[in-house]
Structures are given as C-alpha cells and as structure tokens.
Amino acid sequence: MEGYQAPRGMRDIFPEELETWQEFEEQARSLLTRYGYQEIRTPLVEEKSLFERSVGQDTDIVMKEMYTFLDRKGRNLALRPEGTASVVRAYIQSQYYQRKKISRFWYEGPMFRYDRPQKGRYRQFYQLGVEILGGKDPYFDVEAISLLRELVVAAEVSDAQIHLNSLGCPACQQNYREILRTFLRSNEVRFCQDCQRRLQSNILRIFDCKNAQCAEVVRVSPPLIDKLCTSCLAHLQAVKEALDNLGVPVKIDQWLVRGLDYYTGPVFEAFVSQETNAIAAGGRYDTLVSSLGGPNLPAVGFAIGLDRLMTLKDSRTHRASVIRAFFLGGRAKSVGISLIDNLRRLGLAVEVDYEDRPLKTHLQIAHREKIQWCLIMGENEIAQQKFLLKNMETRHQYTIALNEAGQKIRELTCSETASVGK
RNA sequence: GUGGGUGUAGCUCAGCGGUUAGAGCGCCAGACUGUGGCUCUGGAUGCCGGGGGUUCAAAUCCCCUCACCCACCCCA
C-alpha cells in the first residue's frame, strides 16, 4: 500500500545498465545496416488471434503466457509475446511484398509473457529480431545464422555456439511425428508425466526432457534428420556447408526443437558457455506468411534475448563524457551559465551543479561520480575573463580564456580522453 | 502452473522470543576559508517487505500476502 513497485517480472533499467545496452545497440545497428536490414516498428498490441494462429494454439505461450485483454470496444487484444507475428502481419497488411522481392527487417523492443520470473527471464523482456521475407534460397538461412553470430560477437560475450537442426517441411514433420509417436508409444509406460502429456500435445518436446529415463528412450529413437525428405535434407546440407565455408561454426543438434509452431525448415539456437538457456533462436517459416492470409512466400528469421545477452556482456564503466560545471559565487554563476549555454550550442555536453558548495566539495563530488572534466569558475577567473578546466584523472588544470572556450575545450577533451583510454 | 530458498541501514550481511536492533563498506560534518583519491574525529542511518495472529513480550514463532532468487514447466 505504502510504496509502489514495478509489477512482478518487470523492471527498470537505469542509465548505468543502459550504457551496456546502448553500446551493443550501436554495434548491432551498424552491423544490420551493413547487411542491408532496415528497422521496422510494429505495435506492442495486436489481435490476440494473430498469435494464436502464428505461434500456435497448443503452445504454452498462447495457452498460458499471453497478456490478453478486451479494449473498450470489446476487441480481443494481446501484448505481443514475440515479434515475428507482428512483422509478418505488417508485411502482409501493407502488401510490402509488392515493393520488394526480398525484405530484410530488424526490430527491437519489449515482449510480454506471463511466465514465472527468474534471472534473465522477465515478463517484459527485450528482443532484437531479424526477419528475411520472400527468400527461399538456403543462403538466406546462412545469412541469418552468420548475422546472428556477428551480433553475438558484437556483444563481446565469450564464444557463442550455434546449434542447427531441421524440423522439415510440413509433410516431413507430419510424417516424422507419426514415426516417432509409433516408436515412443511402445515405451509409454516409462515416460514421466510431462512426457506422457507431450506425447499427445507436442511430441518433439520430449527431446528436451531432463528426466533420465525419458532421455534414455529418446536416445534410441529414430532421428528426425534421417526422416527428412530429399529436398529438406538438401536444404539443411546446403546451409551447413555454406556456413562451414564461411567459417561460421555450427553444430548439428538432432534433438533441437523449437517451441513455436510456425517453423518449417532449418532451426537454430545460440548458446554461450555461462548459460544453459539459449540466448537467441530462430529458423525458417515458409508457411507463416500464407497462413496469416498473405501470399505463399518463404521466410527465415531469429530473435536475440537482450536481457540475457546483456547480463553476459561485460560492462566497462567509462568516465562520464559530460563536463561537470560549477561556480564559486553568485556572479560567477551568472557569467558561467551563459558560457555553458554557448558551449552546448557548440555541441559540447555540459551538466551544471548549481548548488553553492565549497570548491573542495564540488571536486569531491565530481571525483566520486567519476567525472572526467570539471569546468570551474570563480571570482578570480571572472576578473581575468577566464575559467578553469580540470582533468580529474590526470589532475591537470588548464586556464582558458572565455573567448576561446569552445575551441580549447574541444582540443583538450578530445586529445586527452583519447590518450587516457576508455 | 509445481517444488524450494530469501526479504533487517544506500550496499553486503549479523541478530533468530527478553532493555533503546548491530557490523563492515558507503554517506554527512569537521580537522582543511579556492583544489578531489590518504588519515583522524564526530554524526545520521531503519514502519526488521506488508498485513494479521500467538505471547506479559515478536526482527525472531504461526498464517496470509507482495517481491526477488533457485530448480521444474516453458522460453529468449
């Protein structure tokens, strides 16, 4: 009652942490641009049924994890639990496929799932995703996977491992489910309760079971990869070979399956050593566009879990790049404020401490707050039409004439910041 | 959704029926009137997550609730 707190599983991200995010986002944006991807922004809210149809009626996401609500007109809406459905919907709605043969989109933003929170798992979490729409060639899968790898590398986390499998086209999948079901039926009694259920609902999920007995049965069951049709197998092999040639390390993982229903071909997940959960995942979804009412166009994409990735990325704390200004005495304050006003116009970042404190205290505060540069002005300086610029790290202090402020500061802060290193 | 753990000062935690709730770090003030990292001296830390109950007495025991963490389920 007394104090508000963020809803369960949702959190605030403060500037110190955001610095890490922004560092990555900068890299990512540059990388994505170089790969020819364009940003797309879609609503956080969509019709609930969009996700039911795309993600799948029988998935946990749809069955128990969606934030749904009726709006004032009684529309059945949902907070997006993932990004692909929205992008595909936007693509179809705008008939974007009429403008370009191949569309390469990327997006970043919050997703919502009513999960039980854990470390690196939030009810509002952030994904950076990529979708290639309209491309059938295996090289599109290759591009997606190598881009994923580049992005993870850009995050400077220790080496990522990418696992690759193929779920096969709908025909393969149906066929394999039957084969697997028949095989596993004979061992049904040995499965745990969860797997008994999976046998009915989502049979491929049995591959993920950690129960030792289940794992034993799974180990001897016929691998999906052996049951792929020639075209699906060729596609997977082409992807694997091209990745090998490119020097993108991937590991075929025949037990890899995905939780969303729309995947139809190669699927992949990225892992990093410190974490058992995947930090990114994706795959080919050749039937989704048409099943959402669009033309029959193939597609492939992936999403990175940024919350997870960012906890692994080491955050180097550099000194604030902003100049801290403070003044000793009222006259200095009023002269100083018009000085910094000019400096800002020249593009310099300056923040002011307007409080009247002793110089000593100002410096202490600046020191504690890891400020790199202090701009100091008092009566003595005013008398000489000058001010002081102090490098807090080297303790060097420069006396600068008011009329050459901008130029001098730029010289000093550029050269010394660079030489000091970040 | 299932099972378990933890909530005490800004932070890390101690106290686990018995006066007025503690330590370290941090913070504030002074020594030091316009020059920060050290030192010394002094000071404040707080609805003991919230609500209810048991008791002469609750941070401590019980119930409920909220949040976080861990393992499942699932997922990124």
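All values derive from a computational prediction rather than experimental measurement.
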Not counting sequence neighbours, which residues clear salt bridge (Lys or Arg N to Asp or Glu O under 4.0 Å) with A/Glu46? List them please.
A/Arg89
Pairing partner of B/C72, by Watson-Crick or G-U wobble and under 3.5 Å for both distances, is B/G1
Find every protein N or O atom lying less than 3.5 Å from an N or O atom of nucleotides 65-73 of chain B, and list the pairs.
from, atom 1, to, atom 2, distance (Å)
B/C66, O2', A/Gln5, NE2, 3.0
B/C68, OP1, A/Gly9, N, 2.8
B/C68, OP2, A/Arg8, NE, 3.1
B/C70, OP2, A/Lys119, N, 2.5
B/A71, OP2, A/Gln118, OE1, 3.3
B/C73, OP2, A/Lys210, NZ, 3.4
B/C73, O3', A/Arg198, NH2, 3.2
B/C73, N4, A/Arg121, NH1, 2.5
B/C73, N4, A/Arg121, NH2, 3.1

Indicate whether any N or O donor in one side chain lies under 3.5 Å from an N or O acceptor in the other, for A/Asn391 and A/Gln397.
no
Tell me whether the count of non-hydrogen atoms from other residues, nucleotides or ligands lying under 6.0 Å of CZ in A/Arg357 goes above 12.
yes
Going by salt bridge (Lys or Arg N to Asp or Glu O under 4.0 Å), name the residues that satisfy it together with A/Glu351, two or more places apart in sequence or in a different chain.
A/Arg324
Whole-Å gap separating P (B/A76) and CZ (A/Arg308)
8 Å
From B/G34, B/C27, B/A76, pick the nucleotide closest to the side chain of A/Glu381?
B/G34
Length of the line joining A/Leu151:CG and B/A76:P, which is rounded to integer Å:
17 Å
My understanding is that only residues two or more places apart in sequence, or in another chain, count here; which of them pass salt bridge (Lys or Arg N to Asp or Glu O under 4.0 Å) with A/Lys390?
none
Table of protein N/O atoms under 3.5 Å from nucleotides 6-13 of chain B N/O atoms:
none

Watson-Crick or G-U wobble partner of B/A29, both distances under 3.5 Å
B/U41
Within less than 4.0 Å of OP1 or OP2 of B/C28, is there a side-chain N or O belonging to A/Arg368?
yes
Is A/Lys360 close enough to B/G36 that one of its side-chain N or O atoms is under 4.0 Å from OP1 or OP2 there?
yes
Acceptor/donor pairs from residues 110-119 of chain A side chains to any protein atom, 3.5 angstrom cut, sequence neighbours excluded:
from, atom 1, to, atom 2, distance (Å)
A/Arg113, NE, A/Pro81, O, 2.8
A/Arg113, NH2, A/Pro81, O, 2.9
A/Asp115, OD2, A/Arg121, NE, 3.4

